[in-house]
Each structure stands twice: as structure tokens, then as C-alpha cells.
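Each remark here refers to the structure printed beneath this line.
Remember, predicted model here, so these are calculated numbers, not experimental data. Below, read A as the first sequence line, B as the second, and so on, with proteins coming before strands; counting in each chain starts at 1.
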Amino acid sequence: MATGFHGVGAAVAALSSSPSNSFDSKKLLCSPRRSFPVRKGASFVADRSDGSVNLDLNPKARRAQQLIVNAVANKADSSPASSSSKPGHELLLFEALREGLEEEMDRDPRVCVMGEDVGHYGGSYKVTRGLAEKFGDLRVLDTPIAENSFTGMGIGAAMTGLRPVVEGMNMGFLLLAFNQISNNCGMLHYTSGGQFTIPIVIRGPGGVGRQLGAEHSQRLESYFQSIPGIQMVACSTPYNAKGLMKAAIRSENPVILFEHVLLYNLKERIPDEDYICNLEEAEMVRPGEHVTILTYSRMRYHVMQAAKTLVNKGYDPEVIDIRSLKPFDLHTIGNSVKKTHRVLIVEECMRTGGIGASLTAAITENFHDYLDTPIMCLSSQDVPTPYAGTLEEWTVVQPAQIVTAVEQLCK
Amino acid sequence: MALSYLRSSSSRSANLLRPLSSAASLRRPISTDTTPITIETSVPFTSHQCEAPSRSVETNPSELLTFFRDMALMRRMEIAADSLYKAKLIRGFCHLYDGQEAVAVGMEAAITKKDCIITAYRDHCTFVGRGGTLLEVFAELMGRQAGCSKGKGGSMHFYKKDSNFYGGHGIVGAQVPLGCGLAFAQKYSKDESVTFALYGDGAANQGQLFEALNISALWDLPAILVCENNHYGMGTAEWRAAKSPAYYKRGDYVPGLKVDGMDALAVKQACKFAKEHALKNGPIILEMDTYRYHGHSMSDPGSTYRTRDEISGIRQERDPIERVRKLVLSHDLATEKELKDIEKEVRKEVDDAIAQAKESPMPEPSELFSNVYAKGLGAESFGADRKEVRATLA
């Protein structure tokens with residue numbers, strides 16, 4: 001099973017920083033995960049569960065994949081310097097995204113970033129801070145407020161072989177670029193009979209924040225999930241944020257990377273050396289026996305909070321962060337269902353037509369015989385997110401509801 | 001003009017009966033004679049925020065005969081597509097370009113294959129101009145394997161990557177931001193080439209055009225926006241859709257040029273001018289005043305919103321192929337018989353290509369799942385789930 005094992009080699013003690021943000025991602029695992037098949041000529045790093053980093057590279061990539069010790073740990077504005085006894089360096093999620101982006105821009109001159117206020121301003125969530133000074137105006141481009149056209153331009157540039165990273169200041173704004181994303185980004189590889197690939201990354205924060213209002217609290221993964229030809233991933237920890245960002249940039253397919261507004265300040269210790277996360281893989285957060293809880297992005301933390309209560313009550317939930325929203329990692333999920341026979345999906349999408357709805361259908365279709373009880377799916381309410389704090393809390397799934405749902409499932 | 005004095009004894013205007021000797025001297029391959037001729041365009045250029053180029057265009061017999069042949073080929077191809085559509089061998093949407101051939105042909109004469117062209121759905125002739133073969137065209141139209149997009153794109157999705165033809169787009173106006181993205185990539189890789197992003201008078205009212213133009217002007221991109229103004233956006237005449245149909249002025253701070261799009265030489269001159277301008281000064285808009293004889297697409301008769309007199313009037317006075325034919329004949333570059341022979345040859349080529357395309361098989365069922373994703377980093381697609389039926393999407 002996949003795991004959130006991050007260190008290289010020996011087991012790493014749990015993080016010292018705030019408990020709610022950095023949790024059990026460092027449990028040493030028992031069963032090594034099946035590593036992903038290696039393609040001839042492909043260069044990628046498989047995230048192996050036994051902790052070793054599998055570098056199966058072609059010569060060109062080998063140059064780039066040298067072990068970099070303490071490469072970016074000495075940034076002036078990073079979190080407090082790590083003590084030399086612990087491997088890796090500590091940073092916040094937005095810094096991890098920036099690190100991933102910067103490393104890829106160093107590695108491949110074709111990578112460029114475009115978006116509103118990504119250059120001189122440094123990014124509205126500081127993900128691109130410092131990059132414009134380092135790489136110049138032609139590689140970190142401030143665009144006017146014209147999502148439809150700059151997304152289109154990114155796609156056009158990608159058709160020629162450039163690798164743009166298009167940032168939507170808030171995912172919700174990318175609705176204006178829906179035509180470009182659906183028709184051109186997703187479909188051009190197919191309609192051109194394979195002539196063009198679109199190695200673009202479209203990323204941005206979405207999800208329900210702190211009283212940002214209805215239009216700035218949208219969850220676009222449910223709208224984009226039917227578009228053929230794109231891949232969707234959602235990051236949730238600094239480790240997988242950096243890994244997914246790098247994998248997305250290196251992928252030949254268009255990838256939409258969903259970040260969450262409330263997760264940017266999570267702190268975690270991540271390895272110093274080069275690593276990427278597999279785009280199609282789910283992450284085993286907490287192995288267990290009684291019930292499989294599938295979640296992604298911010299709801300992972302609500303689930304883990306609920307898990308603490310559940311453990312005290314004697315339950316043993318298995319928590320999987322699905323990470324890959326399109327396609328689903330039914331291999332990991334299926335193995336888990338075969339073990340526990342009960343599934344709870346906790347997501348932030350709306351009830352109607354969300355990721356949970358698709359996942360429920362996919363699991364029922366494939367693993368119906370292994371289920372002891374119908375799948376339960378906890379989603380946000382089908383309402384525009386209200387401004388008032390209490391109302392906003394009730395739109396999304398809270399840990400208490402998760403605990404109740406598990407108790408009901410396990411009756 | 002000098003050439004004709006040198007070459008034959010008969011006067012310039014004697015088109016029909018030629019003495020056998022001079023006819024024999026003309027029987028040589030088309031692509032040889034490059035003696036320069038200067039010809040004036042039909043009308044002067046109108047410019048906005050820039051100096052219009054000169055009306056006198058440098059050309060040569062070889063080029064003019066190539067124009068004639070290429071346009072005749074395109075015309076024949078489109079008419080054959082019309083028949084194939086009516087015979088239900090081509091389905092769905094089929095947008096024909098006959099009448100507008102001068103734009104495709106004149107543009108090619110001014111640029112190289114390193115420059116990019118991107119256009120909308122009326123793309124058959126542009127594709128051929130970029131080097132696409134007739135077989136690829138007809139096979140794609142009929143949804144066969146030999147098509148340029150393997151039969152999976154259709155009429156509106158012709159692409160040719162190796163000659164920098166980026167399609168082939170169905171959604172009106174969406175290709176213009178893509179085109180500005182191509183120009184951005186050209187500037188990024190510093191390869192001294194330009195992008196021609198074509199769109200119609202209907203698409204000229206799309207917001208994303210102005211967004212893309214703004215960004216192109218801001219970043220000094222070598223983007224040339226070409227409005228193929230055939231005066232009708234499907235069934236709506238331009239005066240009913242645009243408050244200001246002076247599309248070449250719509251760029252405001254971006255310079256523009258209005259060109260007679262039925263005159264291949266004028267198109268060539270304008271594109272040459274635009275390429276030089278774009279490489280130095282950033283974006284420029286070209287408005288090609290052209291006309292389509294067919295309706296918007298095969299499901300549109302084309303006569304409910306315009307009169308037959310209008311169509312036949314333009315055909316008589318401004319037809320691009322007739323213009324070149326008159327030029328060739330008046331300059332004694334070929335006899336009328338030779339031109340007719342070229343047309344016959346071209347007709348045969350088209351018929352042969354259609355026959356060959358008809359023999360090409362339909363795509364294999366496994367092609368349904370191929371090319372959804374590109375290979376690499378273990379991207380195998382199984383839809384929203386990972387079924388055992390691993391469609392290894394290559």
C-alpha cells in the first residue's frame with residue numbers, strides 16, 4: 001500500500017510542530033507498495049514505500065537527478081533552521097510548491113509560469129515569490145485579468161513544446177477559461193491524432209476558506225472531472241504538494257493541480273533530495289482494519305481529527321488520501337475495500353455530481369461484492385457557501401459528522 | 001511587363017490563337033521562370049496606425065503559375081467535398097473555403113514553414129497550403145485512417161505539426177489566444193518566426209480576441225491577427241453583428257491593414273509587410289476582404305441571407321482564380337489551353353485522391369482510446385476509475 005513515508009532510509013520521528021497540521025504521515029510501513037511500471041525512456045522517480053528512491057532514469061535526466069543535500073534549506077524566509085541531526089528541511093506548503101516549481105524551472109528551460117500577479121507581486125499566496133527576480137519577465141509572466149485568453153495562450157505555447165504553469169488566482173476564476181481547458185487543453189491530443197501534446201499544468205487554490213464568500217469558495221474538481229484528456233490531482237501536505245507539482249510539470253499530459261486556500265501554511269519536514277510523487281496514486285495515510293475512509297485535500301485533516309476520536313472509541317479506520325482525482329487509484333482503493341468491506345467518502349465537493357459521487361459509482365461498479373454495507377459519502381451541502389462563519393462551518397463536513405458516520409457504518 | 005515584349009511577337013492582349021512556335025517555347029515546367037515582374041494590386045491598401053506598403057508587388061511567372069495551380073486545386077477540392085457531402089460520405093460539419101483561396105495561397109508565398117498558422121474550422125485549404133496532401137484531406141473528411149488526424153478529428157480538426165499548422169478549431173475565436181500563445185513560444189525560443197492567427201468577421205466580436213491582443217501588444221509578441229472578412233458570420237451580415245465593421249481598426253493601439261483578400265498578390269504583399277512589422281514592433285491586424293461562395297457550411301444554402309446576384313457578381317468581378325488567369329494570359333506566361341490543362345490535371349489529382357481515400361479503412365476500435373493521454377510517467381487512462389481493462393493510452 002502506498003504510504004506517506006517521507007524520509008529516506010531510517011524511520012523518522014513525528015514532527016515537532018503543531019499537531020493538527022502534521023500528523024501520522026511518518027509511520028514506518030510493513031508492506032512495500034507495488035512500484036509503478038517503468039516506461040522505456042521515461043524518467044521519473046517512483047515513490048516507493050520502503051523509503052528508497054527508485055531512480056530509473058535515462059542519461060539526460062540522470063544529470064538532473066543528483067542527490068542535492070541541503071539544496072534549498074538555507075532560504076532566508078524559510079521556517080526555523082532544522083537541526084543537523086534530522087534529515088530533510090522544514091517548510092510550509094506554499095514554500096514546498098515554490099521549491100518544486102523552482103527546481104523544475106532550473107531543470108528545464110521550457111518551464112514558464114503565467115498568471116495574475118505571479119511575477120513582481122510574488123503570487124497572491126506567495127507560491128511564486130522570488131521567481132521573477134531569478135528567472136526574469138519572460139519566464140514568470142504577469143498577465144492582465146484575462147483568464148480565457150491567457151489560459152488559451154498557455155495551451156498554444158504548450159502545443160509548441162513549452163511547458164507553462166498557468167495559475168488561477170482562485171480556481172473559481174478558471175471557470176472563465178472553461179472552454180479553453182475543456183476543448184483545447186483536454187482534447188487537442190486526441191483530435192490531432194496524437195500530433196500535439198499539451199504538457200501544461202493548471203493550478204490554483206480552491207475550496208472553502210474562511211468566510212471568503214460564495215464565489216471565492218468553489219470546488220472546481222467536480223466541473224472538470226468529465227473532461228477527457230486531462231488529469232486532476234489534489235495536494236494536501238507539503239510533501240505531496242512538491243512531489244505532485246514536479247510530476248505534473250514533467251507529465252506530457254495536461255494536469256490540473258488543485259490546492260486549498262486553507263492548507264498553504266501547513267508545516268512539514270520534507271527530504272532534501274529530488275523526489276516526485278506519482279500522479280495516479282493514492283496515499284495511505286493511516287492503515288486500519290474496520291473501515292476505509294477516502295478523502296482528499298483539506299478534508300484529510302478533518303478525517304484525521306475524527307480518527308483520533310475514533311481510535312479512542314475503539315475503531316481502527318484506514319484513511320486513504322486519494323490524491324489522484326482523475327483517474328482514481330482503484331488499485332489502492334480496491335485493496336483497502338477488500339480488507340475492510342466498509343467505505344466512507346469524505347469530500348469537500350457538493351453532494352451533487354462531485355468527486356464523491358463518481359467515486360461511489362466507481363467503487364460500487366468494481367467492488368460491489370466486497371461491500372458489507374452501502375457506501376456512505378459525506379459531502380458539502382448543495383448550497384452557495386454563505387459568508388456567516390457558523391453557516392459556512394455547516395456547509396462543509398465536520399469531524400463530528402465523520403465520527404457519527406463511521407459509527408453508523410460499523411454497527 | 002518587360003517580359004512580354006521580349007517573348008512573343010503577338011500583342012499582349014492576344015489570348016487565344018497563338019503561333020505554334022511560341023506555344024512550343026512555353027511548354028516547359030512551371031517552376032522554372034523566375035524573371036521578376038511587377039504587378040499592381042487591384043486596390044491600394046488602407047492602413048491604420050502604420051504606413052501602408054506599396055501597391056506594386058514583385059512576382060514572377062513561376063509564382064503566378066503556382067498561384068493558379070494551387071488555387072485551382074483548392075477550388076476543385078472544395079467542390080469535390082461538396083459532392084462527397086451530398087453523397088453522405090462526409091458527415092457532420094463541413095465548411096468550404098471556395099472563393100477565399102487567395103488568402104491561403106498569398107500567405108504561403110510570403111512566409112516559411114517555420115512560421116505558424118492557426119485558423120478556425122474553415123481549414124481545408126489552409127491545410128493544403130501548408131503542405132497537406134489531398135489524400136489526408138479526403139480521408140480525414142470521410143473519417144478514415146489515412147486522414148491527417150487519423151479520422152478522429154474531422155473537418156474542423158486538421159493539423160500538421162511538421163509544417164507548423166496548428167489547426168483546425170471548432171469554437172469560434174478560441175484559436176486566437178492559442179495563436180498568441182504560439183507567438184509567445186516563438187518569442188521565448190527566439191527563432192525569428194511569426195504566427196498568423198486567422199479568424200472570421202463573426203469571431204472578431206469575441207472578447208478573448210481583445211484580451212489576447214492586449215497581452216500580445218504588452219509583451220511584444222510576433223502575432224499577426226488576420227481577419228478573413230467574408231462579410232457574413234454564418235447567416236448574419238457584418239453590419240448586423242458589428243457596430244464598427246472596420247476590423248482592421250479594431251485593434252485601436254495595434255496597427256492594422258485592410259487588404260483585398262481576393263487578390264493573391266495583395267495578400268502576399270500584406271503578409272510580407274506584416275511579418276517584418278511583427279518581428280520588429282509586435283502585433284498587427286490584417287483584414288482580408290474576401291468572400292465565400294458556399295454557405296457557412298454544407299447545411300446552409302447560403303442564399304437566405306444574400307442574393308444570388310451578389311454571389312454571381314463577385315464571382316464575375318473578383319474571383320481570385322480568374323484574376324490570376326487574366327494576369328497570366330495578359331503577360332503571355334501561358335496559353336489558355338495550358339491553363340485548362342492544368343485545371344484538368346488538378347481535377348484528376350482530386351479524383352485520384354478521393355478514390356484512394358475511399359479505400360482507406362475506418363479506424364480500428366482500439367483507436368477509440370488511443371491518444372486521450374500522452375505516454376509518459378505511467379499515465380495510463382482508465383476513465384475515472386482504474387479498471388482491469390487497461391487502455392494503455394498511447
Within the distance-only criterion (no hydrogens, no angle test), does the side chain of B/Y188 pair as donor or acceptor with the backbone N or O of A/L162 below 3.5 angstrom?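 A pair under 3.5 Å: no.
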Could you give me the CA-CA distance, side-chain angles and deciding distance for A/N184 and B/H169, then say whether side chain to side chain contact (heavy atoms under 4.5 Å, CB included) is met? CA-CA 8 Å; A/N184 294 331; B/H169 295 274; 3.6 Å; yes
If every non-hydrogen atom of [X] is compared with every non-hydrogen atom of [Y], which pair is closest and at what distance?
X: A/T143; Y: B/W219; answer: CG2-CH2, 3.6 Å
X: B/A174; Y: A/Q180; answer: O-NE2, 3.3 Å
X: B/A185; Y: A/T160; answer: CB-OG1, 3.1 Å

Heavy-atom distance under 4.5 Å between the side chains of [X] and [Y], does that happen here?
X: B/I215; Y: A/M153; answer: yes
X: B/L218; Y: A/P144; answer: yes
X: A/N148; Y: B/E211; answer: yes

Check the angle between the aromatic planes of B/Y159 and A/F196 and answer parallel, tilted or perpendicular using the 30° and 60° thresholds.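 The rings of B/Y159 and A/F196 stand perpendicular, inter-plane angle above 60°.
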Proximity breakdown for [X] and chain A, heavy-atom pairs closer than 4.5 Å:
X: B/L213; result: neither
X: B/E367; result: backbone
X: B/I118; result: neither

Find the one option among [options] whose heavy-atom pairs under 4.5 Å with chain B are most numerous.
options: A/S192, A/A157, A/A146, A/A158; result: A/S192
options: A/L359, A/L141, A/T197, A/L188; result: A/L141
options: A/C112, A/G334, A/G154; result: A/C112
options: A/D142, A/I198, A/I145, A/L176; result: A/D142

[X] portion near chain B, given a 4.5 angstrom heavy-atom threshold:
X: A/P254; answer: neither
X: A/M232; answer: neither
X: A/Q195; answer: both
X: A/I230; answer: backbone

How about residues 193-210 of chain B versus chain A: which residues have heavy atoms under 4.5 Å apart?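 Only B/Q208 of residues 193-210 of chain B have a heavy atom under 4.5 Å from chain A.
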In residues 144-158 of chain B, which residues are in contact with chain A at a heavy-atom separation under 4.5 Å?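 Within residues 144-158 of chain B, near chain A: B/C148, B/S149, B/K150, B/K152, B/G153, B/H157.
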Any chance you could measure [X], atom [atom1], to [Y], atom [atom2], to the nearest 0.5 Å?
X: B/Y373; Y: A/Y190; atom1: OH; atom2: OH; value: 13.0 Å
X: A/M187; Y: B/N371; atom1: CE; atom2: CG; value: 14.5 Å
X: A/F150; Y: B/N214; atom1: CZ; atom2: CG; value: 12.5 Å
X: A/N183; Y: B/I171; atom1: CG; atom2: CD1; value: 4.5 Å

Within 6.0 Å of OH in A/Y370, more than 12 heavy atoms from elsewhere: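 Atom OH in A/Y370 is not packed in, count stays at 12 or less.
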Among B/C180, B/G170, B/G168, which residue forms the greatest number of heavy-atom pairs with chain A at distances under 4.5 Å?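 With the most close heavy-atom pairs to chain A, the winner is B/C180.
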